[in-house]
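Some notes on the structure that comes next.
When a ligand or atom number is given, it counts from 1 through the structure's own listing order.
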Amino acid sequence: MITSKLLRRLHSTGASQHLSRLERLRRIPVRHLKDFLTDSYGRKHDYLRISITERCNLRCVYCMPEQGVDLSPPEHMLTTEEIVKLAGLFAQHGIRKVRLTGGEPTVRKDIVELVSKLNQIPGIEEICMTSNGLALHRKLPDLFKHGLTSLNLSLDTLINGKFLLITRRNGLSAVMRSLRTALELDIPKVKINVVVMKNLNEDEILDFVQLSKNDKVEIRFIEYMPFDGNEWSTSKLVSYEDILSNIKVRYPNIRRLPHKHGETAKVYQIPGFKGKVGFITSMTSDFCSTCTRLRITSDGNLKVCLFDNTEISLRDMLRAGYSDDQLMQRISEAVKNKKEKHAGIDELGTQPNRPMILIGG
Ligand SMILES: Nc1nc2c(ncn2[C@@H]2O[C@H](COP(=O)(O)OP(=O)(O)OP(=O)(O)O)[C@@H](O)[C@H]2O)c(=O)[nH]1
Ligand SMILES: C[S@@+](CC[C@H](N)C(=O)[O-])C[C@H]1O[C@@H](n2cnc3c(N)ncnc32)[C@H](O)[C@@H]1O
Ligand code: SF4
Ligand code: SF4
């Protein structure tokens, strides 16, 4: 409780900066302070995904439209200061985990500096990154040193020719080098994201599972999701059930591990294996009821759901001089309007959305 005596004492000790913040905090009813980031279904959001670039050094068929995407003018991108400012504001209201994504986050030149600044924000406990690993291995030691706590590497094939087919570029050996470096550095959580596609890489499922035998890595098989320009169709989708059945033929003892709150994946382990195997089942068994995630796009829009195309521009509000309280009010309104599941869309892929590369996963 902030008493008027305490306020007077803060004045007299010259702590005017703290005082104005305290005064402002005092004006917000405590109930609101607690639930700015809780939606109308009681879901508390503590995980913020920040896309930090629209650019990428790969062209994955399931993510980047064949004709590419029109890049926003540079002045539309959030600056590092703006990203840090927004992360700080969200952290004051309960965000504990931040994930940097893109495009490819490592193409942003000041990525190490950004991680280092995020690491200084009180309240942020985890700084994670999702990367294609192509230009990562040299940067990893510095990223780790400056606060990176977990790395998700995207890799859909272990075969060179197929890597070229899927990503429209070469680079499998560079990604494998990044994986090795991450494991050698002993980054606490290392995961591999595999988007499984019919007749493309489903024959490699067991090879990926094998990677979890000797290394503490979680292989996550992801159901292919529809986004603008990725030519998704049900005929390309391989379901969780089919992937698991395939694995069970070889490893009948694979067992499900308890689900952690807010986790996207259903996680399994094969007895005797150091690593784990997860499934991200957005298409056949959604996990929306325990959603903890909010997103900021690299051009500064808040997206309350991966599939929601109703966005609000935090960038414009920041640049128009909105106060923290005004920003939080607008953010909170958007969070309260978050739909129960899949942005309220009955059939995914039927409503326009950004291409995945402009969302960040
Ligand atoms: N439907 C849905 N898919 C998601 C969500 N978050 C991540 N994904 C998908 O899960 C896959 C892996 O995403 P990552 O960037 O590795 O993030 P994550 O799954 O939150 O990672 P962890 O924090 O390690 O569990 C990508 O295909 C994402 O698009 C989500 O909130 N909803
Ligand atoms: C958009 S990428 C951005 C980060 C980085 N460039 C990378 O590839 O890791 C984030 C994640 O989204 C996944 N992803 C992209 N398009 C997808 C789709 N259509 N369905 C499911 N996952 C997808 C990628 O495999 C990757 O793991
Ligand atoms: S999945 Fe990642 S690496 Fe592939 S095109 Fe999309 S942003 Fe780039
Ligand atoms: S689809 Fe939307 S509501 Fe469901 S888990 Fe993903 S972000 Fe959350």
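For atom 11 (C) of ligand 2, the closest heavy atom belonging to the protein is T130 CG2, 4.2 Å. In terms of protein heavy atoms, atom 26 (C) of ligand 2 is closest to S154 OG, 3.2 Å. Closest to atom 5 (C) of ligand 1 among all protein heavy atoms lies R295 NH2, 3.1 Å. Atom 32 (N) of ligand 1 has as its closest protein heavy atom F287 CE1, 3.6 Å. Here the protein heavy atom with the shortest distance to atom 3 (N) of ligand 1 is L306 CD2, 3.5 Å.
Note on ligand 2: P226 sits outside its first shell, no heavy atom being nearer than 4.0 Å. Residue contacts with ligand 1: H342 is excluded, as none of its non-hydrogen atoms falls under 4.0 Å. No heavy atom of K341 sits closer than 4.0 Å to any atom of ligand 4.
Applying the 4.0 Å criterion to heavy atoms of T130 picks out, from ligand 1, the atoms 14 (P), 15 (O), 16 (O). Annotation for ligand 1: atoms under 4.0 Å from non-hydrogen atoms of K97 are 22 (P), 23 (O). Using a 4.0 Å cut-off to heavy atoms of M356, the atoms of ligand 1 that qualify are 29 (O). Within the listing of ligand 1, atoms 28 (C), 29 (O) sit less than 4.0 angstrom from a heavy atom of G361. Below 4.0 Å from some heavy atom of I280 lie the following atoms of ligand 1, by number and element: 10 (O), 11 (C), 12 (C), 19 (O). Close contacts between ligand 1 and N152 involve ligand atoms 14 (P), 16 (O), 17 (O), 21 (O), 22 (P), 24 (O) [criterion: under 4.0 Å to a heavy atom]. Those atoms of ligand 1 that come under 4.0 Å of a heavy atom in S282, given as number and element, are 1 (N), 2 (C), 3 (N). The K191 neighbourhood of ligand 1 comprises atoms 22 (P), 24 (O), 25 (O), with distances under 4.0 Å to a heavy atom of that residue.
Inclusion of D156 in the set of residues having an N or O under 3.5 Å from an N or O of ligand 2 is not warranted. Distances between N or O atoms of E263 and those of ligand 1 include no value under 3.5 Å.
Considering V175, V195, N57, V107 only, the shortest heavy-atom separation from atom 25 (O) of ligand 2 involves V195. Here the shortest heavy-atom distance to atom 5 (C) of ligand 2, taken over E104, E223, K236, R49, belongs to E104. Closest heavy-atom approach to atom 20 (N) of ligand 2 among the candidates R99, M283, M64, M225: M225. With distances taken over non-hydrogen atoms, the option nearest atom 26 (C) of ligand 1 out of D286, T290, L294, I222 is I222.
Under a 4.0 Å N-O distance rule, the pair K85/E81 does not qualify as a salt bridge.
In summary, C291 places an N/O/S atom under 2.8 Å from atom 8 (Fe) of ligand 4, meeting the contact criterion. Atom 2 (Fe) of ligand 4 has no N, O or S atom of C288 inside 2.8 Å of it.
When ring centroids are compared, F307 and F227 come within the 6.0 Å threshold.
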